[in-house]
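Beneath this line is the structure, given in structure tokens, with notes to follow.
Nothing fancy with the numbering, it's 1 onward along the sequence. In this text, all values refer to a predicted model and were calculated from it rather than measured experimentally.
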Amino acid sequence: MGDAVADSKVDFDALAALHKWPSLANERRPDRESYQISEGTLDECISAFMGKPATTRHLYEIRTAAQPPLVTGILSPEHVIELSRWREFL
């Protein structure tokens, strides 16, 4: 995210939804769709995601309106963790 972070602002008040993937043996089920478990602001969804056990975070994603260049429409677990680290600076 490097240089993009210095020049970008993220609207953490944007609407977002936390989704979970159905799993089997702690692995995503590729034959199933994710389902919404909560809705709120991007900030609230990041906090809810970070409250999940680290060993299950790969089963979650956040969906929100894209805010280029830092926020895509579907945020992967790795992306959410990175945004969480930068939240105070953006």
If you measure from [atom1] on [X] to [atom2] on [Y], what distance do you get to the nearest 0.5 Å?
X	Y	atom1	atom2	result
Ile46	Glu82	CD1	CD	11.0 Å
Leu83	Ile62	CG	CD1	8.0 Å
Leu75	His19	CG	NE2	11.0 Å
Ile37	Leu18	CD1	CG	4.0 Å
Phe12	Ser47	CZ	OG	10.0 Å
Tyr35	Lys20	OH	NZ	4.0 Å

So, using side chain to side chain donor-acceptor pair (under 3.5 Å) as the criterion, who are the partners of Thr56 when residues are at least two apart? none

Indicate yes or no for a side-chain donor-acceptor contact from [X] to the backbone of [Y] under 3.5 Å, with no hydrogens or angles considered.
X	Y	result
Arg28	Pro22	no
His79	Ile74	no
Glu44	Thr41	yes
Asn26	Leu59	no

Side-chain touch Pro77/Phe49, heavy atoms, less than 4.5 angstrom: yes

Minimum side-chain heavy-atom gap Val71-Thr64 below 4.5 Å: yes

With a cut-off of 6.0 Å (strictly less than), are more than 12 heavy atoms of other residues, nucleotides or ligands near CD of Gln36? yes

When you look at CG of Leu15, are more than 12 heavy atoms from neighbouring residues, nucleotides or ligands closer to it than 6.0 Å? no

Which heavy atom of [X] sits nearest to which heavy atom of [Y], and what is that distance?
X	Y	result
Gly40	Cys45	N-SG, 4.2 Å
Asp11	Gln67	N-OE1, 2.7 Å
Arg57	Met50	NH2-O, 2.8 Å

Can a side-chain donor-acceptor contact be found between Ser34 and Arg29 if the only test is distance below 3.5 angstrom? no

Between Glu61 and Trp21, a side-chain donor and acceptor under 3.5 Å: yes

